[in-house]
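Because only heavy atoms are used, hydrogens play no part in the values below, and waters and symmetry mates are left out as well, while side chains stay in.
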Amino acid sequence: MNELPTTIFAHRGASSLAPENTMPSFKLAYELGAEGIETDVHLTRDNETVLMHDEHLKRTTNGHGYIKNFTYEQLQKLDAGSWFSSDYAGVSILTLGTLLNWVRNKSLYLNLELKNNKIDYKYLEHLVYEQVKQYRLTNRTILSTSNPHSIKRLRLLSDSPNIGFLRSKRAKNLVGYTEKLGAGSLHINHRLLSPRLLRQSDEANMPLRVYTVNRPDIMRRCFQSGCDAIITDVPHTALEQRK
């Protein structure tokens, strides 16, 4: 069990209050007191790392099509805020570099989810890791993915334990499987949280982080269990519940 207070990561920023994975959402999460930011990384046609959850543009922009088929210059012309509220009209799609540059002088942790479970982007691991190194943020950045092949590629880049395996479904000996893959931490859907999994992760000295925790009762359960972190759309609510 983690003896330190459970860290609160803002899921795609303060995504219940501002458009997800945009600078307004990240800035608001920081202002509210979140200790970490979780975001999602895709790759454009010209190999720019950009922050968006979906592979397709439709849900969170005024564009259509897959990110991988556009250059970053083309994506910059899209509106990534109006879908949420007219107050955010004109907000643009961010690059990973822009976020890293903003974070580097702040006391924030990062959880960068590589969105390569549906589209296994070539070189995504290398491009992300090199930028994290460039901004000297390796000691407070977790690189997470649900793609086992991606974890193996990350291990070839670095011996850092800050690789997280994402899992939403139950499996036998999940901690052992995560260790075998080479990930240093396990990120689970909150429905998978159990005393047994907590005990196994503790015995393996493996950080256990729980997503996406938005209900106060589930937050309290996570805090009481001593899991290492929660990932939430409502960091302000989580901070209140952790007091």
Side-chain angles (χ1 to χ4, degrees), residues 7 9-12 21 26 35-55 66-68 70-72 75 93-168 171 173-188 201 204-211 228-229 231:
T7 304
F9 280 82
H11 185 235
R12 310 176 199 170
N21 286 330
F26 298 142
E35 292 130 353
I37 285 175
E38 185 271 356
T39 189
D40 310 286
V41 190
H42 288 272
L43 207 56
T44 65
R45 193 174 77 197
D46 54 341
N47 287 335
E48 180 64 83
T49 46
V50 293
L51 308 182
M52 188 177 291
H53 178 269
D54 300 0
E55 291 77 14
Y66 288 92
I67 294 169
K68 69 184 181 73
F70 293 84
T71 65
Y72 179 60
L75 294 179
I93 295 172
L94 278 184
T95 64
L96 174 61
T98 301
L99 175 65
L100 297 177
N101 186 54
W102 177 75
V103 164
R104 62 178 173 174
N105 294 320
K106 296 174 176 61
S107 56
L108 280 169
Y109 293 101
L110 282 175
N111 176 10
L112 305 179
E113 181 179 344
L114 309 187
K115 298 299 290 187
N116 52 11
N117 56 320
K118 294 181 181 178
I119 300 171
D120 200 359
Y121 298 105
K122 195 173 183 180
Y123 307 128
L124 180 62
E125 297 88 358
H126 173 76
L127 291 167
V128 170
Y129 181 65
E130 286 302 312
Q131 288 183 81
V132 172
K133 280 203 305 182
Q134 177 188 341
Y135 287 96
R136 300 182 179 180
L137 289 168
T138 53
N139 64 332
R140 49 191 173 109
T141 300
I142 307 151
L143 303 179
S144 62
T145 178
S146 59
N147 182 336
H149 301 293
S150 183
I151 290 174
K152 292 175 182 178
R153 291 193 291 264
L154 284 168
R155 293 300 295 177
L156 293 175
L157 293 173
S158 168
D159 290 329
S160 166
N162 292 332
I163 301 171
F165 178 47
L166 277 157
R167 184 76 185 189
S168 61
N173 193 16
L174 190 50
V175 169
Y177 179 61
T178 303
E179 286 184 308
K180 185 177 179 180
L181 286 176
S185 60
L186 179 58
H187 298 193
I188 58 165
S201 64
N205 197 28
M206 177 177 289
L208 187 66
R209 304 183 180 100
V210 185
Y211 69 89
D228 290 83
I231 301 165

**Prompt:** Going through the checks in order, is the side-chain contact (heavy atoms from CB on, under 4.5 Å) test met by Val132 and Leu137?
**Reply:** CA-CA 5 Å; Val132 172; Leu137 289 168; 4.2 Å; yes

With a sphere of 6.0 Å drawn around [atom1] of [X], does it hold more than 12 non-hydrogen atoms of other residues, nucleotides or ligands?
X      : atom1 : answer
Tyr66  : OH    : no
Asn205 : CG    : no
Lys106 : NZ    : yes

**Prompt:** So how far is it from Thr44 OG1 to Ile67 CD1, rounded to the nearest 0.5 Å?
**Reply:** 9.0 Å

**Item:** Interatomic distance, Ile163 atom CD1 to Glu125 atom CD [nearest 0.5 angstrom]
**Value:** 9.5 Å

Looking at [X] and [Y], what are the two nearest heavy atoms and their distance?
X      : Y      : value
Tyr121 : Lys68  : CE2-CB, 3.9 Å
His42  : Asp54  : NE2-O, 3.2 Å
Ile142 : Ser185 : CG2-OG, 4.3 Å
Asp46  : Phe70  : OD1-O, 4.2 Å
Gly97  : Tyr135 : O-OH, 3.6 Å
Ser144 : Leu166 : OG-CD1, 4.0 Å

**Prompt:** So Lys152 and Leu181, side-chain contact (heavy atoms from CB on, under 4.5 Å) or not? Walk me through it.
**Reply:** CA-CA 7 Å; Lys152 292 175 182 178; Leu181 286 176; 4.1 Å; yes

Looking at side-chain heavy atoms only, is the closest gap between [X] and [Y] below 4.5 Å?
X      : Y      : result
Leu110 : Arg140 : no
Phe26  : Thr39  : yes
Arg153 : Leu124 : no
Glu38  : Arg12  : yes
Thr138 : Asn162 : no
Leu114 : Leu154 : yes
Thr49  : Leu43  : yes
Asn21  : Leu94  : no

**Backbone of Asn147 reached by a side-chain donor or acceptor of Asn117 within 3.5 Å** = no

**Fill in**
By salt bridge (charged side-chain N to carboxylate O under 4.0 Å, His left out), Glu113 pairs with (sequence neighbours left out) Lys115

**Request:** Could you list all the ring pair (Phe, Tyr, Trp, His ring centres under 6.0 Å) pairs where at least one residue sits in residues 95-116, not counting sequence neighbours?
**Result:** Tyr30-Trp102

